[in-house]
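Just follow the structure's listing: the first ligand is 1, and inside any ligand the first atom is 1.
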Amino acid sequence: MDLRESAADRAFREEVRSFIAANLPQDLRDKAEKGLRMHVADGQRWHKILAQHGWGAPGWPKEHGGCGWDHSRQYIWEEEMALAGCPPLSPFAVKMVGPVIMGFGNAEQKARFLPPAGNGEHLWCQGYSEPNAGSDLATLRTMAVREGDNYVVNGMKIWNSYGHEADWMFALVRTSSEGKSQEGITVLLIEMKTKGISHRPIITIDGSHILNEIRFDNVVVPLANRIGEEGKGWTYAKFLLGNERALIAQIAQSTKLVKRLKEIGARELSDGQGLIEDADFRAKLAAIEVELEALRVTNQRVLYEAKTGTAGNGGAILKSKGTFISQALSELMLEAVGYYSSPWALEQLETGWNQPPIGPSYAKNAMPLYARQRANTIEGGTEEIQKNVIAKQVLGL
Ligand SMILES: Cc1cc2nc3c(=O)[nH]c(=O)nc-3n(C[C@H](O)[C@H](O)[C@H](O)COP(=O)(O)OP(=O)(O)OC[C@H]3O[C@@H](n4cnc5c(N)ncnc54)[C@H](O)[C@@H]3O)c2cc1C
């Protein structure tokens, strides 16, 4: 595998840059420049613009409306989007449920669900975790009981991201309590406006409403919304988790943060000279950058080997290293902006804030980012679980 960027890749990078320069709406560009918070609606709007250009689902094969790009093009696309400050796209549709539907759904499901998932029309969320089923996911208890042509679902999901804004959920439900707990799990696609679904917000330490508790009270889900076979959901769930972990590694976003820290380091002073000249700061930033470069190469390798569409156990390696890097960068960001990170004024992150700025524009997101990144080593499976996967599945210990 040749890791160097080919002439064709460099030309592609230019094409992506030109596309973003010409098509990213000015108000979103302003938000990025001012360090304001991007919301789901911003990402969805940008996704639709990309989809009009045929770039809605880069990793999907062309037959399903994707771009059919290889791993290096996908990475270039993501990196350029992050560097330009484009709103992040929701991963649930394109990177998570899409590949599962392609791999295990029937023809009718592919025709029905893939186009609106790939073009940003439908927002999706993930219904895996429950109050007593996180790391030990197979113990989940949300029940789906067969009644004629439907399942009737009762139970509860927790830590559900964006369920209050999503159109659809891919959910793990229990259809049998017999045998091993993994064997009674089924995947259902559930429309969020179905009668009997309610949610309660969970506000996180960074002041965001992203997470929810979701309740199902006699929610009727047509049999036609079941992916694959009843009781085989654990296989599909694991396929999806490999991809989820790979994306939580946030390599493109960390690349952007390194660049930002260098810019901040040139502007902030330490003992009368640029912070970037400070030996301690330089050493810390250099150490993270080296780790990030190694991770970028590992990511290329995992994507290259994952031509079948899943990052598999490689996702655990990427997540473990990637979240260590993203947390280290968020800590360095606090160091770089110093006391300007102390005021907790989340209103500064929203459009319309018209009070005098507290410190330089790049300072206001430092503390919320630091707080948000604490969750990185929990979401998608905790660090301990990734280490268990690496030990058992990758190293065979
Ligand atoms: C920001 C955020 C977003 C999320 N979004 C979603 C979402 O959209 N959908 C969804 O379904 N879930 C979501 N989650 C939930 C996430 O997947 C779980 O929090 C995670 O899997 C851990 O489960 P838990 O919280 O129940 O912790 P537990 O499983 O109770 O773990 C508690 C502690 O015990 C440790 N531990 C547990 N088992 C082992 C073991 N075998 N070996 C060693 N240590 C162990 C863990 O590492 C952890 O430190 C989200 C979580 C966060 C923080």
Between Asp136 and ligand 1, is there a nitrogen or oxygen pair with a distance under 3.5 Å? no

So is there a nitrogen or oxygen of Tyr128 less than 3.5 Å from a nitrogen or oxygen in ligand 1? yes

Is there a polar contact between ligand 1 and Trp159, counting only N or O atoms under 3.5 Å apart? yes

Provide the number and element of each atom of ligand 1 under 4.0 Å from a heavy atom of Glu384. 43 (C), 44 (N), 46 (C), 47 (O), 49 (O)

If the threshold is 4.0 Å, N to carboxylate O, is there a salt bridge linking Glu263 and Arg267? no

Report the relative orientation of the aromatic rings in Trp69 and Phe12; use parallel for angles under 30°, tilted for 30 to 60°, perpendicular for over 60°. perpendicular

Just to confirm, does any protein heavy atom lie below 4.0 Å from atom 33 (C) of ligand 1? no

Under a 3.5 Å threshold, yes or no: a donor from one side chain and an acceptor from the other, between Ser320 and Glu383? yes

Check whether any side-chain N or O of Thr323 sits under 3.5 Å from a backbone N or O of Lys319 as a donor-acceptor pair, and report yes or no. yes

Strictly inside 4.0 angstrom of atom 30 (O) of ligand 1, do you find any protein heavy atom? no

Within the 4.0 Å heavy-atom shell around Ile385, which atoms of ligand 1 are there? 38 (N), 39 (C), 40 (C), 41 (N)

Heavy-atom proximity to atom 1 (C) of ligand 1, best of Glu379, Met169, Glu383: Glu379

For atom 18 (C) of ligand 1, which protein heavy atom lies nearest, and how many Å away is it? Ser129 OG, 4.0 Å

Here the atoms of ligand 1 under 4.0 Å from any heavy atom belonging to Asn388 are 40 (C), 41 (N), 42 (N), 43 (C)

Are Arg10 and Glu5 within salt-bridge range, i.e. N to O under 4.0 Å? no

Checking a contact table here: which protein heavy atom is nearest atom 9 (N) of ligand 1, and how many Å away? Gln126 O, 2.9 Å

Counting from 1 in the order shown, the ligand 1 atoms closer than 4.0 Å to a non-hydrogen atom of Gly134 are 21 (O), 23 (O), 24 (P), 26 (O), 29 (O)

Cationic N near anionic O, under 4.0 Å, Lys256 to Glu78: no

for atom 46 (C) of ligand 1, nearest protein heavy atom and its distance come out as Thr382 OG1, 3.5 Å

Just which atoms of ligand 1 are under 4.0 Å from any heavy atom in Ala375? 1 (C), 53 (C)

Pick from Gly381, Gly380, Ser135, Ser161: the one approaching atom 3 (C) of ligand 1 most closely through a non-hydrogen atom: Ser161

Quick test of your reading of the model: are Lys48 and Glu121 salt-bridged, counting only N-O distances below 4.0 Å? no

Using the side-chain contact (heavy atoms from CB on, under 4.5 Å) rule, pick out the option among Arg174, Arg141, Met156 that qualifies with Glu130. Arg141

Do Leu240 and Gln126 come close enough that some side-chain heavy atom pair is under 4.5 Å? yes

Should Lys34 and Glu350 count as an ion pair when the cut-off is N to O under 4.0 Å? no

Atom 19 (O) of ligand 1 sits nearest the protein heavy atom Ile378 CG2, 3.5 Å

Any nitrogen or oxygen of Arg372 lying under 3.5 Å from a nitrogen or oxygen in ligand 1? Just yes or no. no

Ring centroid separation for Phe170 and Tyr236, is it under 6.0 angstrom? no

Leu211 neighbourhood, listing ligand 1 atoms whose heavy-atom distance to it stays under 4.0 Å: 2 (C), 3 (C), 4 (C)

